[in-house]
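Note that the numbering runs from 1 along the sequence shown for the chain.
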Amino acid sequence: MARNHLTSSSAVCCWIPLFALRCEAARRPELGSRPSALVAPDDTRRVWQVSPLARHAGVKPGMTVSQAIGLCHTLLLCEADPVYYDEQFARLLSALGAVSPVIEAPELGRVFVGTDGLEGLYGGPERIADAIKCGVRSAECGISMQARLPRHSPENSAFRTPHSALRVGWGMGKFVSWVAATRAKPGGAVIVRPGEEGKFLAAQPLAVLPLDPDTHRRLRLLGLRTIGDLAALPEEAVVSQLGRAGRRLWRLAAGETAERVVGREAPEPITAAIAYFSPVAERELLAHALEQLIERALRHPRRAGWRVQVVRARAELEHGASWLAEATLKDPSADRDRIAAPLKTRLEQAPPTGAVERLAVEFTGFAPGTTELQLFARDARATARAGRRRALRTAVHEIKLRLKRPMLYHVIAVQPWSRIPERRYALIDYEP
């Protein structure tokens, strides 16, 4: 397997807390002065992101809408618009990509930027952090220089509010840079120089580690409160309690491992879309439309020789809302049904909250194809048929050369109504 050269041991973490809510507040200024929350896009009965004012009133993410309103009667609930947030996040990634080609985005609002080799361009870590902040700021200015739009227009810049909350952390490995970003002030940066990881991490709370609730509870019962408490224990003792995951946690806490930033080459996406003159809400029609759009995208010339690994469905709904579903296939495929399966599952479990005006399918990640897979790919019918015939002709020719006689036969029906089995079918030489 070819080695991925888009990796970096030193990293900058760019973190914008509550990215989706801040994007919403950028186009709806009234959210900044009132307790507000976003409804979860996959479960409209629960809240997703909560503003500081709402959190101060007792509202927490994951609460039901009725519980949240019961705690805060003035709470302003907003329907999520995931397509819009994704577009704004893509602009942020594009701005960061101008600084470094090594970009990894684990979640909305958090990006790791690989910085190996950037010292010759910008200078030390402080200069690199400044360059990243300037890159995001220039993206904001570029968007604001567009044609004048209404203040509440969806095309208005959503960077203004998020950029004011941008926090930057620099360190060796993703974990150290992430913790540094959580300790930075809005608009500021925290630099953790090589060799200072253990001292910096020692005073941090356990919650910054990638812990599941059960492991966090067990560590608290053992009297551990900080990362330094965990790092002070023998490594094997932690492993005996928590298994293989405990070894990774201990090494992260002790600053003995630096997980590299792994970038991905950004392929040019392939998109197929359909617009409805009359909005559609029936799930069966939408599922059928997804299959048809995937089939159309698979026939795109740029898809030849590649299998799909990441697929995304985007829907524009009535009243300006949106619906977004994304799936990463464990086994990249060029088969329509396999690609559509996770999207149809999401459509069934968390359908759009309104009628769909426009539906689009987008292939954003690809894996190299192989001759064997292309031979049997159902989607590329013409290519598959031609490939099978070429392969069969070659096989027949080799068999004739080796055995001096044909060995492939085709079964045909002769007298299927006959009571004698031998008369029902016959074997004839197969010539592909």
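At least one donor-acceptor pair under 3.5 Å links the side chain of Arg46 to the backbone N or O of Gly62. Panel note: side chain Glu197, backbone Gly195; a donor-acceptor pair is recorded below 3.5 Å. In this structure, the side chain of Arg296 engages the main chain of Ala273 through a donor-acceptor pair within 3.5 Å. With hydrogens and angles disregarded, a donor-acceptor distance shorter than 3.5 Å links the side chain of Arg303 to the backbone of Trp306. Checking side-chain atoms of Ser100 against main-chain N and O of Val113 turns up no donor-acceptor pair under 3.5 Å. A distance-only check finds a donor-acceptor pair linking the side chain of Glu104 to the backbone of Val262 [under 3.5 Å]. In this structure, Thr115 contributes its side chain and Leu118 its backbone to no donor-acceptor pair below 3.5 Å.
By the 4.0 Å N-to-carboxylate-O rule, Arg110 lies close enough to Glu107 to be salt-bridged with it. We find that Asp130 and Arg127 are not joined by a salt bridge, their nearest charged nitrogen and carboxylate oxygen being 4.0 Å or further apart. Using a cut-off of 4.0 Å between Lys/Arg side-chain N and Asp/Glu carboxylate O, Glu295 and Arg299 are scored as salt-bridged. Residues Arg251 and Glu235 are paired through a salt bridge, judged by an N-O separation under 4.0 Å between the basic side chain and the carboxylate.
For the side-chain contact (heavy atoms from CB on, under 4.5 Å) criterion with Trp48, the lone passing option out of Cys78, Pro82, Pro41 is Pro41. Considering Leu211, Leu221, Leu224 as possible partners of His216, the one that fulfils the side-chain contact (heavy atoms from CB on, under 4.5 Å) test is Leu211.
Between Pro352 and Leu347 there is a side-chain heavy-atom pair separated by less than 4.5 Å. Side-chain contact check for Val361 versus Ile339: every heavy-atom pair is 4.5 Å or farther apart. The side-chain heavy atoms of Arg248 and Thr257, taken from C-beta on, include no pair separated by under 4.5 Å. Counting only heavy atoms from C-beta outward, the side chains of Thr182 and Arg167 never approach each other to under 4.5 Å. Side-chain contact between Glu126 and Trp170 is absent, with no heavy atoms from C-beta onward closer than 4.5 Å. Side-chain contact between Arg45 and Val65: absent, with no pair of heavy atoms (C-beta onward) separated by less than 4.5 Å. Residues Leu166 and Lys133 meet the side-chain proximity criterion, which asks for heavy atoms closer than 4.5 Å. At least one side-chain heavy atom of Arg218 sits less than 4.5 Å from a side-chain heavy atom of Leu242.
Counting only N and O atoms by type, the side chains of Gln49 and Arg22 include no donor and acceptor under 3.5 Å apart. Tyr84 and Glu24 share no donor-acceptor pair across their side chains, judged by distance under 3.5 Å alone. If you check the side chains of Thr7 and Arg260, you find a donor sitting under 3.5 Å from an acceptor.
Environment of NE2 in His300: crowded, with over 12 heavy atoms of neighbouring residues, nucleotides or ligands closer than 6.0 Å.
Summarising the geometry, atom NZ belonging to Lys344 is positioned 8.5 Å from atom CG belonging to Leu290; distances are rounded to the nearest 0.5 Å. The CG atom of Leu96 sits 14.5 Å away from the CZ atom of Arg91 when rounded to the nearest 0.5 Å.
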Could you go through Gln88 and Ile16, starting from their C-alpha distance and side-chain angles, then the distance that decides it, and tell me whether this counts as side-chain contact (heavy atoms from CB on, under 4.5 Å)? CA-CA 12 Å; Gln88 297 302 314; Ile16 301 177; over 6 Å; no

